[in-house]
Amino acid sequence: MSQLRLLPSRLGTQASRLLAPHGVQRFSWCSRSSGPPAPFASSRAGGGSSYMEEMYFAWLENPQSVHKIRGHHVAQLDPLGILDADLDSFVPSDLITTVDKLAFYDLQEADLDKEFQLPTTTFIGGSENTLSLREIIRRLESTYCQHIGLEFMFINDVEQCQWIRQKFESPGVMQFSSEEKRTLLARLVRSMRFEDFLARKWSSEKRFGLEGCEVMIPALKTIIDKSSEMGIENVILGMPHRGRLNVLANVIRKDLEQIFCQFDPKLEAADEGSGDVKYHLGMYHERINRVTNRNITLSLVANPSHLEAVDPVVQGKTKAEQFYRGDAQGKKVMSILVHGDAAFAGQGVVYETFHLSDLPSYTTNGTVHVVVNNQIGFTTDPRMARSSPYPTDVARVVNAPIFHVNADDPEAVIYVCSVAAEWRNTFNKDVVVDLVCYRRRGHNEMDEPMFTQPLMYKQIHRQVPVLKKYADKLIAEGTVTLQEFEEEIAKYDRICEEAYGKSKDKKILHIKHWLDSPWPGFFNMDGEPKSMTCPATGVPEDTLTHIGEVASSVPLEDFKIHVGLSRILRGRADMTRKRTVDWALAEYMAFGSLLKEGIHVRLSGQDVERGTFSHRHHVLHDQDIDRRTCVPMNHLWPDQAPYTVCNSSLSEYGVLGFELGYAMASPNALVLWEAQFGDFHNTAQCIIDQFISTGQAKWVRHNGIVLLLPHGMEGMGPEHSSARPERFLQMSNDDSDAYPAFTQDFEVRQLYDCNWIVVNCSTPASYFHVLRRQILLPFRKPLIIFTPKSLLRHPEAKSSFDQMVSGTSFQRVIPEDGAAARAPGQVRRLIFCTGKVFYDLVKERSSQGLDELVAITRLEQISPFPFDLIQREAEKYPGVQLVWCQEEHKNMGYYDYISPRFRTVLGRARPVWYVGRDPAAAPATGNRNTHLVSLKKFLDTAFNLQAFEGKTF
């Protein structure tokens, strides 16, 4: 209602005009509060106009405004006729749905036949300037209160609202040619007969069929056709499992025999990995669009059972494809997201994804959302599943128009989808199509819905399928004959039967045939790496020097930077002259050297431009000119690859999913997501568990995304300390009990066989090398890096150019190189550790004068476990006590992962003692004193050479 109150002020001086019947004086307004009748204009001038007065004024100026705003409440959207799509049976009193409602506006039945001048804000008249009130109401009801319900008047852009009005109000807009109707019928036939075929052949198999919303197939094809007509060449789709097989068959055009053979329980898997159920798989296909006769590339992204998890992944992949094509306006690449009603309303990642839609580094220039509104979520009634009137109300936050449509009216659906595609192309904004439908079966084909929704399913069992309804309509109007309709059915049935016959000949299932993001030319023809070697990751010294000089300068003239930043840049220049780097400069050099080699680098996350710990400063801000910025990394070389660094919204789930999708598009890019603090990744756990850890095993999909997770016990409390390394290590797939064969290519082969790489670098040089190795490897694996906090400015945490120049590489293990290494026979204890605790150990060893008696070896790469190098270190110090030291609690960190692997290396002949904090529920203490006391305690134990005497392992 607030929209109506605002309407007069929006219309301005035009609003002072009253609609007047021809030859009749203009209406007077009789106030419902008190006082004598007065002309409407004079009562408005008094400044005390009531809500009723404003409503009346709004209607007189623009009589269809009420229908535009409220008409969707009474639209006939439910095919079953038993539910109100907005969960409310209330009919707004200001809608003229019956004659008695006329009195609400001080009108009488006799006024229905009076003619009124139409305002310029409506298109219902077509070429006519006047219409009778009766005809005005009829046309408004026809537009806004039938099988289409429109929500758009909340959009605060007059041009956009007028565009929608014109598309739906203009007389005759929904008239289709005979050819268009026949195409629609043929698509419905394919959609429905595909489901019928699967039901006949595999009646006891789960397939999450589309029955009850078969119109989704022609709906998606219409969006693709219309978009292709407007120049789109690449469409990326994401969807849940319901209807996925039908989309693969009839939209993406996956070979039917490859779909049917998925139902064969005897089919052997040819590819490495676990594979996935058929209704989770994706597909990539290039073909000719038959309607436009243009090339179109379609990609359906694989998705787990976490229904909306794929949303940001699709958006990231779309953004990357647009970036690589130089498609800044989204005129060549677009995304379509299909949702279920319960998930669209209930899952927070939908909201997170919407809020990326207009951010400069995340926008995909509009997405078409299609909601398959079954009016039920598994067994949950909508009234228990959401608090909002519609499942689509979340889209209102980004001013996306919402088109509700009765899915049993195929022509209305097709028209709405065509308008949605045009909207996206015209305004580069999101749009939602809400297909109000039903689910003919239960949640899956084995489920009994009558337990919980008996009345709904009694009606569903009586419901005439949409194909029969539409075929009867076209036959009655003479568009097709019964014989033609039956021939169309028989034709598709034959196609399915022939494919079914061919599917029986298949003996092996190739998951790679379902790949949603192929990388042409990166692997060999069999999908294998072209080599099993990795070149050295160092770079020429002049390259390091040049990057250091740019990193310590401001490439733009007359650009005033903050005085504190000037000190930081001077420090970088000083390090460059001294041939040393700290953490930030090492990262700069890794990124810059890859940019020189033509590798696009993208760094995303909360506050990454400056860095959470104010160490990075990749975006400089002019102190005098608002929003004037400079990214020196993009001024390294004239022909370098572009560098993107972007602060994200305060989201982990959505943004990490987005970056994962971005990394899917090309292997020739380094894509990094940084958590503000390492433990914040737990709100993105779904992306980590369902996509990053398992993506290759399930979908044969390589991905080289890098996660930067700040980690370290520094007395900052339970929520700013641990990046939970134990979780990543628990999901690592290398076998703790299998002693590997140390072949010549062991290091690279081990990386290829793992599901991801987990590192905790202790030096800037290690960080530099592992970032470069991520691109130089002949395959792609996710890389998890536990990054430092205090080490960013630790005076000892620096590296020399000598450790980064040509010929140098990433060291999986950094052995002791001090006095203990020079006299290994005198060593009494060998301590293994990883990350920041190394510096605490070195300091304590020095203070106790044990440099010759205690050796300290660092694991830079934790998983896959460096069996060969650990064995070498253990053999170098025979007979000494072996200790694993970590600053994390015993039930966290690395101990549970490294312990069985050490036993395997040592043949279970020597113990590896644990030194660190005791088990605990919280990752860290919030008390500074408690933190320091526990640190001193385990450091004392680490260097107490009698600590383990007399103990058994």
Side-chain angles (χ1 to χ4, degrees), residues 77 79 147-148 173-197 209-229 232 235 237 239 242-254 256 287 289-292 296 298 300 336-339 368-374 403-422 424 431-438 440 464-475 477 479-480 484-485 488-489 491-492 495-496:
L77 298 177
H147 288 167
I148 297 173
V173 289
M174 280 184 54
Q175 292 178 354
F176 294 88
S177 68
S178 295
E179 187 59 33
E180 289 171 330
K181 292 179 180 180
R182 292 168 71 93
T183 298
L184 172 53
L185 180 65
R187 289 174 170 178
L188 274 176
V189 165
R190 286 175 170 259
S191 177
M192 189 160 217
R193 297 304 291 179
F194 177 81
E195 299 293 352
D196 290 348
F197 185 84
L210 197 54
E211 292 100 328
C213 194
E214 293 90 347
V215 77
M216 186 183 82
I217 298 302
L220 293 178
K221 291 178 77 70
T222 297
I223 295 168
I224 293 168
D225 291 346
K226 193 68 179 177
S227 300
S228 174
E229 179 186 310
I232 290 292
V235 179
L237 296 94
M239 67 178 298
R242 185 165 312 285
R244 177 177 284 261
L245 295 179
N246 207 324
V247 170
L248 284 165
N250 290 313
V251 178
I252 310 295
R253 305 302 288 273
K254 176 79 174 171
L256 290 178
R287 63 177 176 84
N289 182 283
R290 295 177 181 176
V291 173
T292 62
I296 189 88
L298 302 175
L300 177 61
I336 300 174
L337 288 176
V338 181
H339 314 267
V368 180
H369 300 264
V370 178
V371 178
V372 178
N373 187 350
N374 295 312
F403 304 150
H404 308 280
V405 58
N406 187 319
D408 264 15
D409 184 344
E411 291 183 5
V413 169
I414 296 313
Y415 184 74
V416 159
C417 288
S418 179
V419 172
E422 283 192 69
R424 187 263 169 200
V431 57
V432 177
V433 176
D434 179 21
L435 298 178
V436 185
C437 56
Y438 56 92
R440 187 166 287 277
V464 177
V466 65
L467 176 60
K468 181 172 180 1
K469 285 183 182 179
Y470 192 57
D472 289 347
K473 175 180 180 292
L474 296 193
I475 291 169
E477 67 184 33
T479 302
V480 297
E484 289 173 326
F485 173 56
E488 188 68 34
I489 290 176
K491 173 185 171 185
Y492 189 68
I495 292 172
C496 289

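All figures in this text were calculated on a predicted structure; none of them were measured in a lab.
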Inset, instruction - Anything under 30° is parallel, anything over 60° is perpendicular, the rest tilted; go ahead and classify H369 against H339. - result: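 Answer is parallel, since the angle falls under 30°.
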Inset, instruction - Would you please test M216 and N246 for side-chain contact (heavy atoms from CB on, under 4.5 Å) and show each step? - result: CA-CA 10 Å; M216 186 183 82; N246 207 324; over 6 Å; no
State, with a plain yes or no, whether a side-chain heavy atom of [X] is found less than 4.5 Å away from one of [Y].
X    : Y    : value
V480 : I475 : yes
Y492 : F197 : no
L467 : F485 : yes
V173 : V419 : no
F194 : L210 : no
E229 : N289 : no
V215 : S191 : no
V189 : K491 : no

Output the distance between atom [atom1] ([X]) and atom [atom2] ([Y]), rounded to the nearest 0.5 Å.
X    : Y    : atom1 : atom2 : result
L435 : D409 : CG    : CG    : 11.5 Å
M239 : R244 : CE    : CZ    : 6.0 Å
D225 : C417 : CG    : SG    : 11.0 Å
E411 : K181 : CD    : NZ    : 5.0 Å
I252 : L298 : CD1   : CG    : 4.5 Å
E488 : L185 : CD    : CG    : 7.0 Å

Indicate the atoms forming the closest heavy-atom contact of [X] with [Y], along with that distance.
X    : Y    : value
I414 : A219 : CD1-N, 4.0 Å
A407 : V466 : O-CG2, 4.0 Å
A412 : M174 : CA-CE, 3.5 Å
P410 : L188 : CG-CD1, 3.9 Å
V464 : Y438 : O-OH, 4.2 Å

Output yes when a side-chain donor or acceptor of [X] lies under 3.5 Å from a complementary backbone atom of [Y], and no otherwise.
X    : Y    : result
T222 : P218 : yes
S228 : I224 : no
R187 : I217 : no
K221 : N250 : yes

Legend entry - Residues L300, V251; criterion side-chain contact (heavy atoms from CB on, under 4.5 Å); working and verdict: CA-CA 10 Å; L300 177 61; V251 178; over 6 Å; no
Legend entry - Atom CZ of R287 with >12 non-hydrogen neighbours under 6.0 angstrom: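 Enclosed: over 12 neighbouring heavy atoms sit under 6.0 Å from CZ of R287.
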Legend entry - Under the side-chain hydrogen bond (donor to acceptor under 3.5 Å, both in side chains) test, residues paired with T479 that sit two or more places apart: E477
Inset, instruction - Could you tell me whether E195 and R440 make a salt bridge, using a distance below 4.0 angstrom between a side-chain N and a carboxylate O? - result: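 No.
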